[in-house]
Amino acid sequence: MSDVTQNQHHTLHDELHDHAAHHHDHHGHGNFWTTYVFSTDHKVIAKQFLITGIIMAIIGIGMSTLFRLQLAFPGQSIPLLETLLGKWAPDGQLDPNFYLALVTMHGTFMVFFVLTAGLSGTFSNFLIPLQVGARDMASGFINMLSYWFFFTSSVIMVISLFVESGPAAAGWTIYPPLSALPQAIPGSGTGMTLWLISMTLFIASSLMGGINYITTVMNLRTKGMSFDRLPLTVWAFFLTAIIGVLSFPVLFSAALLLMFDRLLGTSFYLSDIFIGGEMLHYQGGSPILYQHLFWFLGHPEVYIVLLPALGISSEVISVNSRKPIFGYKAMIASMIGIAFLSFIVWAHHMFVTGMNPFLGTVFMLFTLVIAVPSAIKAFNYITTLWKGNIRFTPAMMFAIGLVSFFITGGITGILLGNAAIDIPLHDTYFVTAHFHLVMGSASAFGLFAGVYHWFPKMFGRMMNPRLGYIHFWFTFLSLYLVFFPMHFMGLGGVARHYYQYTAFDFMGVYGDLSKFITYSAIFGFVGQLFFLANFFWNIFFGKEAPQNPWKANTLEWTTPLRPGHGNWPGEIPTVYRWPYDYSKPGVKDDFLPQHIPAEEVEYEEGFQPEMPEIEKAPRPQENPAAEETEDKEG
Amino acid sequence: MDAAALLNISQVLLIAILVFVAINLYLVFRLKDIDPFRKWDPDKINGTLFLLFFVVGLPVSIVATMNWSDTFTLLIHPASEHGAEIDRMHINTMIVAILVSVVTNLILFYFSWRYRYDKDNKALYYPHNNRLEIIWTAVPAVVLTLLVFDGVGVWHDIWKEIPEDQEVVNIEVNGKQFGWTARYPGEDLTFGETNIGFISEADGNALGFNKEDEKGFDDLVVQELHLPVNKLVHIDIKSRDVLHSMTLAHFRVKMDAVPGMPTYFNFTPTITTDSMRTLKQNPDFNYEMSCQQICGGGHWNMRLIVVVESEEDYNKWLKEQKTFAQFYKELNGVDLIAQANGETETTEPSSEDGEGAEGENETEATGEVAMVK
Ligand code: HEM
Ligand SMILES: [Cu+2]
Ligand SMILES: [Cu+2]
């Protein structure tokens, strides 16, 4: 295995791209452990991330079923809960502290383990080397470590579900003092310690992954693969990795200080606390400091979750509309804009936490600016569909669904981003609706789109499209039915993180709606069975996939059906054009892969191609995409 | 118990059956000969379903909105001055948001249906158009700028300083696990000193009054928040343990209570509880204070009734409340006022065990001698 990395080092020192000659095909060498478990092959690691992510998703979604039952039937006995949870649901009634634990762990699992690691870990790993034309990541070994850190972190997080005093229960944002004091809630005992340890490993994993992704994209692109010929997927993964590398360390520092407060008795976040009948010694700390540190990661984090999904949908929408993505450059520019702006809007989560109101004004301005690049992306997706020839593969369905969620969920950001309007909405179900649509649903759809689209490349077999459609319609409908009504509850002032709404007259009226939401959610969970069956069954028994099932342009489809370690048995293909030449006028097929040189393009009969200079010899520093499109416009 | 166990088993079974059905469906679809849908064209069906989703979904959401709108009375009657401003802006922004999302979703689903696959078609090669890009950068930018300006204005009004000469009602709200307590400054209009070091639940000093500070003797500690209508109210917000969030939903007021860092909120209630009852045609209506920052197991239950009334009623109510000194004397038999005046007068305490929680903290924090018994 290490030959591959050596190889890659070689390329950095020698002539940049000429390492094909050194390459050996590694497929078939190595034993079970080195091939499937401690593998350094990015494709295997990607699958490990995917499967771990799916398992974490099953647990995370399972937890939400349990607390949705509580919300729909407050005060009623549900025997199933007692069977599953034992002492946490005596007589079938969920314990209020454990309700909060479930909500907290649901958020943690879904945001970090499913949508961060599951999504980036799977697709950055799988697609970056394949799409930029590299034999593997810059460091296969660090890549392997990244997975095993993630795996360990997942195991610890799952173990924390079973500790005596219960798992962490202070919300996924674990604000101190609640998260710092076991006296305040039982989950802040051992459960929280495990949470923090697990997150530390998680951060390490995501830094190792991120550094690898960045290095690979910068250094290991194949001949001709200039930055303006990179697929938007790779652009998205690249920017996501940069955001992650810059922001995760700040979460680490937040967690570390919290650890100090908990274990060493320091007072970074704590001051003037009287709890459990006694005054604690903490003096001079500030809970607001924690919030600043947390959201400095937390807001970029929402884009860490979303950008890869947007990248995947760009690719899927373009391939299946048989049209170039509209506004390739604008897409890149808006992603760069989002990446940059995402670092200066964090305090919009803190308008009414006691932060200086003047700061609120500043952050309100930046926050509404970030809506502009988001809008550009949405419009560009829609224009890509215009006059396309849309094939509704399951992946395409999910990509279109993603755009719908992105719009519906993102638009409510302009209400929340307005500090004054945020006063009544903050910490209500309106926020829950907003981020579940724009972050939860949209990113989950990106994940699904990616799985349906690249399954043939991952496993060499096809998934069943019909089951894919059924899965799609179940999921699409249920997500809207679950999260859309939550806007109403939020407008009515119903608070998040409530064990039941019955204590307040103005919240109690939403009992029926709450039941409706729970039923819709169960409907949605059932739909996921179609996915699980389809996915696992077809890994083993699916129809053999064709080489390029979607007739796509990107490089991954030039590898053999089941590529070995090193990806291409022979030379790595050279790239001659951008990845979005679909339905190019005059060209015979409706797609034109990146690796086909100009002289080999098959034209329609009677078509006289003008051969731009650029296509004869690839020159990475130039910009073929722009030139090609400019003469269209004129 | 047996019946319950049975029910459990049936629930687990139900799930197993569903898995089974899922796999079966799959197998059925794979058997080409008995596949009832083999002639269906997935592009046509899915494209149509997308459009149908919108065409059905929109009216359904409208009907749902109308149906649920009587429960958003919260939105309809803002009960404070700034609340009316927030709501005006809220509704304007909401209209923009709804328009944009309906129109873009419509186009999205319409295009999905309109441009579904046709083997004789070739898609239009249309990689970019700078004019379009500029339009849809500029239009959102302008709309958002307008909204932001409005927002900044309203936000600044909410936080503007109260002029020296303006009359203002000062109240303090204290959060703890799990409940709210309000404090009024009493006749001297000044709050007495409090410190968490002085807290002693057992002798009724839950807010931690400094028992030597005379300014605190006439303070009122109450479990109900009363506000005079049309008077500017300044609420100081404190917490003694973890974060809470003082939320007065009907007044569009929300601010975290932060241990170690008092916060505040200024607002003017405009509708009395009685008028609101008439407006809502609900004689049982009450304004409520809730907590909206996760704070532990009782978070969902931190309720405090809020009453808005005429100034006379408000003053009358104030008079009926016990001062801290009165309350303390009744509970512990100690006359703080006399004590402060140097008189050592003791009466029989009406409750026992005042000492238990009277910890070293108090002495530590103040150097003060434990109270006379
Ligand atoms: C486009 C992708 C977006 C994602 C993934 C996203 C995600 C999130 C998440 C996860 C939260 C909840 C945090 C919490 O309270 O626990 C949130 C809240 C918020 N989002 Fe977004 N958001 C997006 C877009 C926007 C946009 C475009 C805006 C503004 C124009 C915005 C403004 C806000 C604000 C202000 C909050 C805080 C609301 C509150 O806590 O009261 N978001 N968002
Ligand atoms: Cu944010
Ligand atoms: Cu609370």
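In what follows, every heavy atom counts, from backbone to side chain, and hydrogens, waters and symmetry copies are set aside. All chains are named by letter (A, B, ...) in the order of the sequence lines, taking the proteins before the strands, and each is independently numbered beginning at 1.
Residues A/T353 and A/Y175 have side chains that never bring a donor and an acceptor to within less than 3.5 angstrom of each other. Donor-acceptor pairing under 3.5 Å is lacking for the side chains of A/N464 and A/W537. Using a 3.5 Å distance cut-off with no hydrogens or angles, the side chains of A/N534 and A/N538 do pair a donor with an acceptor. Under 3.5 Å, the side chains of A/Y480 and A/T408 contain a donor-acceptor pair of N or O atoms.
When side chains are defined from C-beta on, A/N380 does not count as touching A/Y328, because their heavy atoms never get closer than 4.5 Å. B/Q293 has its side chain out of reach of B/V242: every pair of non-hydrogen atoms, C-beta onward, lies at least 4.5 Å apart.
For a residue to count as touching a neighbouring chain, one of its non-hydrogen atoms must lie under 4.5 Å from one of that chain's; by this rule A/F379 touches chain B with backbone and side chain alike. Interface residue B/I158: only side-chain heavy atoms are found under 4.5 Å from chain A. When heavy atoms are compared at a cutoff of 4.5 Å, B/Q292 approaches chain A by way of both its backbone and its side chain. Neither the backbone nor the side chain of A/F525 comes within less than 4.5 Å of any heavy atom in chain B. For A/P176, the part lying near chain B is the backbone, with the side chain staying farther off; criterion is any non-hydrogen pair under 4.5 Å. Within the 4.5 angstrom heavy-atom criterion, no atom of A/Y99 approaches chain B. In this structure, chain B has a heavy atom under 4.5 Å from the backbone of A/I325, while its side chain stays farther away. Contact annotation for A/Q291: only side-chain heavy atoms (C-beta onward) come within less than 4.5 Å of a heavy atom of chain B. Within the 4.5 angstrom heavy-atom criterion, only backbone atoms of A/A170 (N, CA, C, O) approach chain B. Residue B/V102 does not touch chain A at all, counting heavy-atom pairs closer than 4.5 Å. For chain A, the nearby part of B/M289 is the backbone; its heavy atoms alone come within less than 4.5 Å. Looking at A/T502, only its side chain comes within 4.5 Å of chain B, counting heavy atoms on both sides. In this structure, the portion of A/Y469 lying under 4.5 Å from any heavy atom of chain B is its side chain and not its backbone. Interface remark: A/L270 contributes no atoms to any contact with chain B (heavy atom separation under 4.5 Å). Proximity to chain B is limited to the backbone of A/A169, based on heavy atoms less than 4.5 angstrom apart. Using a 4.5 Å cut-off between heavy atoms, A/Y501 makes no contact with chain B at all.
Salt bridge absent: A/E278 and B/R240 never bring a charged side-chain N and a carboxylate O closer than 4.0 Å. Between A/D422 and B/R252 there is no salt bridge, since none of the side-chain N atoms of the basic residue sits less than 4.0 Å from a carboxylate O of the acidic one. Using a 4.0 Å cut-off between charged side-chain N and carboxylate O, B/K176 and B/D241 make no salt bridge. Salt bridge present: A/D427 and A/R496 bring a charged side-chain N and a carboxylate O closer than 4.0 Å.
Ring-plane geometry between A/F472 and B/F50 is classed as perpendicular, the angle between the planes exceeding 60 degrees on a 0 to 90 degree scale with a lower cut at 30. A/W386 and B/Y126 have perpendicular rings, their planes meeting at more than 60° on a 0 to 90° scale where under 30° would count as parallel. Classified by interplanar angle (parallel below 30°, tilted 30° to 60°, perpendicular above 60°), the ring pair B/F53/A/F476 is tilted.
Options B/V152, B/V96, B/L147, B/N282 differ in how many heavy-atom pairs under 4.5 Å they form with chain A, and the most are formed by B/V152. Put simply, of B/N301, B/V258, B/V139, B/L243, the one with the most heavy-atom pairs under 4.5 Å next to chain A is B/L243. Here B/S112 is the residue among B/S245, B/S112, B/A257 with the most heavy-atom pairs under 4.5 Å with chain A. Chain B forms more heavy-atom pairs under 4.5 Å with one residue of A/L181, A/L385, A/I275 than with any other, namely A/L385. With chain A as the partner, the residue from B/M261, B/H82, B/M255 showing the most heavy-atom pairs under 4.5 Å is B/M255. When the candidates B/F285, B/F149, B/W136, B/F111 are compared by the number of heavy-atom contacts under 4.5 Å with chain A, B/W136 comes out ahead. Here A/I376 is the residue among A/I185, A/I376, A/T428 with the most heavy-atom pairs under 4.5 Å with chain B. Contacts with chain B were tallied for A/R322, A/Q500, A/Q283; A/Q500 has the most, counting heavy-atom pairs under 4.5 Å. No other option in A/P465, A/A378, A/A375, A/S404 has as many heavy-atom pairs under 4.5 Å with chain B as A/S404. Interface remark: of the candidates B/L132, B/T263, B/N121, B/N121 forms the most heavy-atom pairs closer than 4.5 Å to chain A. In terms of heavy-atom pairs under 4.5 angstrom with chain B, the leader among A/A503, A/P177, A/P357, A/P424 is A/P357. Options A/K323, A/M507, A/Q183, A/M396 differ in how many heavy-atom pairs under 4.5 Å they form with chain B, and the most are formed by A/K323.
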| field | Working for side-chain contact (heavy atoms from CB on, under 4.5 Å), residues B/K254 and B/L248 | value | CA-CA 6 Å; B/K254 183 175 292 148; B/L248 296 164; over 6 Å; no
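When the shell of 6.0 Å around NZ of A/K387 is examined, it contains 12 or fewer heavy atoms from other residues, nucleotides or ligands.
Checked against B/W300 for a ring pair (Phe, Tyr, Trp, His ring centres under 6.0 Å), the options A/Y499, A/F504, A/Y498 give a single hit: A/Y499.
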